[in-house]
Amino acid sequence: MRITLVDSEPEIWRTLDVDGALRLGDLHDAIQLAMGWRDAHLHEFSELEPHPDTRALPQVGRPPRRWMPGDQVADAEDGLAFGGRVEQLIDEHAADVASVFAPTDGPIYYWYDFGDSWWHRIDLIEREHVDAPGASSPPWARRVELVAGAGRCPFEDSGGVHGYAEKLDTLADPASPEHAEIAAWVAGVIWPEPLVLPFEADAFDRDAADRELQLRFEVASDLSGLIRADGDGLVDEASPVVELLEGLPAPFRAALRARLRAEGALAPVQVETDAATRMVRPFTWLLGRIGDSGLALTKAGWMPPTVVHEGMTELGWLDDWIGASNREDITWPIRWLREAARRFGLVRVAKGRLLRTAAGTRLQGDPVGLWRHVAVASVGRQRSDAERMAVTLLAVEIACGRAGTLSEFGDAVANGLDLLGWSQPDGRPLDAYDGIELIRDTWHMLGDLGVFGAVSRFARSGDDAPTTEGRAFARAMLGIR
């Protein structure tokens, strides 16, 4: 069947091979995945054409059929009684594709979002009977397969076909007074896909959409697998990226999976010893400076001023820091380094001394092991569930190679947390500032490890792209092996 978004220009369409026994409720899922919608609104199927003047014509012959979720049928029946129309209202889970097209070759229509009114025309192109001579046997390895398509799916809530066209025009015109506002709105709506300007409205990744259909409709497949092993790095069921995918609504899960694959963010993790040594140097310095016997702290519980100054000097942070750089309580790079090492289970305090833990002692001479430990602990040893999920979302952006300021990362994190159900205590949605507060310490630490290139956080421009090693570190944070 060919599915065409009515009145789209250029035409947005998909061609699907569909098992005739597929229920219309499942066909709804297939259309959502193939088109790229987010399943955020009501829908129905109908024999009635979408234009009001056509729908008002007298009906000849049998009453037209409309298929919808069962909980919508009662409301629709009330509307028919009020309007005096005669239509057959059918639960979409009680009808299959073959029976819908049996009385006619169509077309039928799929109506999504009754406010924006995205109408899709469904045309039957070809029918193959499984018992016909020469038919494939078994008839389906896949119940739904995406054959071809063109055009990116419009933005949700963009005002229908004409509203979408207006927003595309605004995005394409940096001089428009509404350009920045529309760009910010689009960036939030299309998450987890990043907004890249100039925007390519004709871009469509058939393979990515078909992978999602395969996960949803493959015969006898293990649908519990959120990450498939073919070409991807192996992950554990409890890895952060799987937890993130499980927490997202299915359409957003599909969009994130597609982005992760397209950007190589699921590739197996590889790091050379030299790169690992360079990146974990702050932790290696701290573990070495503590030594086997530990480091005596001041009466106030801070590291000695000489050690603080030594660390700032040896790690290359001194020239970009304002102040004497000898008091840990106000020398934030060293203070954050010690706090991270403690939280990651590398150091501890006992009887006035800063000591290495067993893990810290074991990993001090193993830069690759320490690199992996810090990456995993960066997510798993956060102070709260909100911070843990926020840092996971930060790792997604870095693993995908995004360049951005802390504010832009905070905005992306806030968008993700909103979809995961997080909000302010009073129910208000999170904003970029909330995202910043949840990822600030980790973002600075990643900068100190050289994830964004320059080792000193103060030498960075603020929107540097992550390095190859930095992206590998982010994949390790996500639990990719």
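Computation of the quantities below employed the complete heavy-atom set of this structure, encompassing side-chain atoms and omitting hydrogens, waters and symmetry-equivalent molecules.
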* **Backbone of A34 reached by a side-chain donor or acceptor of R14 within 3.5 Å** => yes
* What pair of heavy atoms forms the shortest contact from D91 to G70, and how long is it? -> OD2-CA, 3.5 Å
* Partners meeting ring-ring contact (aromatic ring centres under 6.0 Å, His included) with H93 (sequence neighbours left out) -> none
* **By side chain to side chain contact (heavy atoms under 4.5 Å, CB included) - contacts of E339 (at least two apart)** => R342, R343, R383
* To do: Would you please say whether a donor-acceptor pair under 3.5 Å links the side chains of D96 and S99?
  => yes
* To do: Check whether any side-chain heavy atom of P192 lies under 4.5 Å from a side-chain heavy atom of F252, and answer yes or no.
  => yes
* To do: Answer with yes or no after comparing the ring centroid distance for H444 and W336 against a 6.0 Å cut-off, counting only values under it.
  => yes
* To do: May I ask you to decide if L245's main-chain N or O and R253's side chain share a donor-acceptor pair within less than 3.5 Å?
  => yes
* Asked: Does the E397 side chain pair with the main chain of L394, one donor and one acceptor, at a distance under 3.5 Å?
  -> no
* Asked: Looking at R259, R402, R152, R257, which hits salt bridge (charged side-chain N to carboxylate O under 4.0 Å, His left out) with E193?
  -> R152
* Structure fact -> Nearest heavy-atom contact between V161 and D7 is CG1-O, 3.3 Å
* To do: Could you tell me whether the side chains of H41 and D157 share a donor-acceptor contact shorter than 3.5 Å?
  => yes
* To do: List the atom of G36, the atom of C153, and the distance in Å for their closest heavy-atom pair.
  => C-SG, 3.6 Å
* Structure fact -> So the ring pair (Phe, Tyr, Trp, His ring centres under 6.0 Å) pairs with at least one residue in residues 370-393 (sequence neighbours excluded) are W371-F473
* Asked: Judged by atom type as modelled, is there a donor-acceptor pair below 3.5 Å linking the side chain of Q382 to the main-chain atoms of S378?
  -> yes
* Do NZ/NE/NH1/NH2 and the carboxylate oxygens of D210 and R142 come within less than 4.0 Å? -> yes
* Would the W119 and Y110 ring centres measure less than 6.0 Å apart? -> no
* Asked: CD1/I108 to CD1/I3 distance, rounded to the nearest 0.5 angstrom?
  -> 9.0 Å
* **Under 3.5 Å donor-acceptor, D116 side chain and W118 backbone** => no
* Count the heavy atoms of every other residue, nucleotide or ligand shown that sit under 6.0 Å from CZ of F114, and state whether that count exceeds 12. => yes
* Asked: For W13 and H120, does a side-chain donor sit closer than 3.5 Å to a side-chain acceptor?
  -> no
* Asked: Closest approach of W443 and T405, non-hydrogen atoms and distance?
  -> CZ2-C, 4.5 Å
* **Presence of salt bridge, E156 and R38, under 4.0 angstrom** => no
* Structure fact -> In this structure, CZ of R143 is separated from CG of L27 (nearest 0.5 Å) by 11.0 Å
* Structure fact -> Here the pair of heavy atoms bringing A254 nearest to L33 is CB-CD2, 3.8 Å
* Can you tell me if CD on Q424 sees more than 12 non-hydrogen neighbours from other groups inside 6.0 Å? -> yes
* Given side chains that start at C-beta, do those of P154 and L5 come closer than 4.5 Å, heavy atoms only? -> yes
* To do: Could you check if a side-chain atom of F344 sits within less than 4.5 angstrom of a side-chain atom of M445, using non-hydrogen atoms only?
  => yes
* To do: Measure from the side-chain N and O atoms of Q32 to the backbone N and O of D39, and report whether any donor-acceptor pair falls under 3.5 Å.
  => yes
* Is a donor on one side and an acceptor on the other found under 3.5 Å between the side chain of D19 and the backbone of L22? -> no
* Exercise: do R440 and T442 side chains pair donor with acceptor under 3.5 Å -> no
* Could you tell me whether a side-chain N or O of T4 sits under 3.5 Å from a main-chain N or O of V6, the two making a donor and an acceptor? => no
* Taking R475 for its side chain and A399 for its backbone only, find out whether a donor-acceptor pair lies under 3.5 Å. => no
* Asked: Taking the side chain as C-beta and beyond, is there a heavy-atom pair between S407 and I436 under 4.5 Å?
  -> yes
* **Name of the residue among Q88, E87, E92 meeting side-chain hydrogen bond (donor to acceptor under 3.5 Å, both in side chains) with R66** => E87
* To do: Applying side chain to side chain donor-acceptor pair (under 3.5 Å), name anything that partners D26, two or more places apart in sequence or on another chain.
  => R216
* Which pairs count as ring pair (Phe, Tyr, Trp, His ring centres under 6.0 Å) when at least one residue sits in residues 174-206, sequence neighbours excluded? -> F155-F199
* Asked: Is the side chain of K167 donor-acceptor paired with the backbone N or O of I182 at a distance under 3.5 Å, no angle test?
  -> no
* Basic-acidic side-chain contact under 4.0 Å: E47, R65 -> yes
* How about Q72 and H43: does a side-chain donor come under 3.5 Å of a side-chain acceptor? -> no
* **Check ion pair R121-E11 (N to O, under 4.0 angstrom)** => no
Tabulate below the donor-acceptor pairs under 3.5 Å that side-chain atoms of residues 169-176 make, not counting sequence neighbours, or state none.
unit_1, atom_1, unit_2, atom_2, d
T170, OG1, E166, O, 3.1
D173, OD1, A175, N, 3.1
S176, OG, E178, N, 3.3

* **Validation row: D17, V144 side chains within 4.5 angstrom (heavy atoms)** => no
* **Any side-chain heavy-atom pair of Y109 and F45 under 4.5 Å** => no
* Asked: With a 4.5 Å heavy-atom cut-off, do L197 and L195 have their side chains touching?
  -> yes
* Side chains of V147 and L16: does their closest heavy-atom pair fall under 4.5 Å? -> no
* Structure fact -> Here the pair of heavy atoms bringing P107 nearest to D123 is CB-OD1, 3.4 Å
